[in-house]
Amino acid sequence: DSPRTRWEREQWDRCDVEALAALADATANVDVAHYVPQVRVPTLILAPARSPLTSLAEQWLLRTTIPDAQIEIFEGRDHDIYNEERDRCT
């Protein structure tokens, strides 16, 4: 593993597992869809095609709902694109 990946795992290992689970449970059903049409800033959607958290269809919905938004699809990638495709995300 790369030094960055090792560092990231170390940070996650320092977190309280029960607190992370509670946070995941608390936010799983939060729906902010009604705010999306109000976004009025330049928006680039970084869309991992195989994210277990957000479907590609949901990411396309963002693209078509936010005025002038653009989308960059990461084919074959899971949610952790920032580590897997750092150069494309910057």
Side-chain angles (χ1 to χ4, degrees):
D1 291 335
S2 72
R4 178 170 174 80
T5 300
R6 284 193 303 274
W7 176 85
E8 185 175 301
R9 286 187 182 140
E10 289 170 4
Q11 301 315 302
W12 281 110
D13 289 345
R14 295 172 54 194
C15 295
D16 181 287
V17 174
E18 290 180 20
L20 288 175
L23 178 62
D25 288 343
T27 59
N29 296 317
V30 174
D31 184 5
V32 296
H34 58 284
Y35 293 113
V36 175
Q38 298 174 33
V39 175
R40 296 288 185 255
V41 296
T43 303
L44 173 61
I45 300 155
L46 301 177
R50 293 180 35 211
S51 172
L53 304 176
T54 309
S55 72
L56 193 53
E58 291 171 318
Q59 295 174 76
W60 268 108
L61 180 62
L62 291 174
R63 163 58 187 90
T64 58
T65 306
I66 298 171
D68 300 317
Q70 296 186 26
I71 191 168
E72 177 75 20
I73 298 174
F74 292 75
E75 294 292 344
R77 294 296 187 188
D78 295 326
H79 199 73
D80 193 21
I81 59 173
Y82 308 104
N83 283 327
E84 298 171 347
E85 297 274 359
R86 184 180 353 179
D87 290 342
R88 284 180 66 193
C89 291
T90 57

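No experiment lies behind these values; they were computed from the predicted model shown.
R9 has its side chain out of reach of R6: every pair of non-hydrogen atoms, C-beta onward, lies at least 4.5 Å apart. Contact of the P48 side chain with the D78 side chain is not registered, since no non-hydrogen atoms from C-beta on lie closer than 4.5 Å.
To the nearest 0.5 angstrom, L46 atom CG is 9.0 Å from I71 atom CD1. With values rounded to the nearest 0.5 angstrom, R63 atom CZ is found 7.5 Å from Q70 atom CD.
Across V41 and T43, no two heavy atoms sit closer than the pair O-OG1, 2.9 Å. Considering all non-hydrogen atoms of both residues, C89 and I81 come closest at SG-O, 3.8 Å. Shown here for G76 and A49, the closest heavy-atom pair between the two residues is N-CB, 4.0 Å.
Surrounding CD of Q11 are more than 12 heavy atoms belonging to other residues, nucleotides or ligands, all under 6.0 Å away. Heavy-atom neighbours of D16 CG from other residues, nucleotides or ligands within 6.0 Å: above the threshold of 12.
At a threshold of 4.5 Å between side-chain heavy atoms, the hydrophobic network of Ile, Leu, Val, Met, Phe, Trp and Tyr places V30 and L23 in two separate groups. No continuous path of ILVMFWY side-chain contacts below 4.5 Å connects L61 to F74, so the two sit in separate hydrophobic clusters. In this structure, V39 is a member of the same hydrophobic cluster as I45, with clusters built from ILVMFWY side-chain heavy atoms closer than 4.5 Å. Hydrophobic clustering (side-chain heavy atoms under 4.5 Å, transitive across Ile, Leu, Val, Met, Phe, Trp, Tyr) keeps L44 apart from W60.
Under a 3.5 Å cut-off, the side chain of T65 and the backbone N or O of L62 do not form any donor-acceptor pair. For Q59 (side chain) and T54 (main-chain N/O), a donor-acceptor pair under 3.5 Å exists by modelled atom type.
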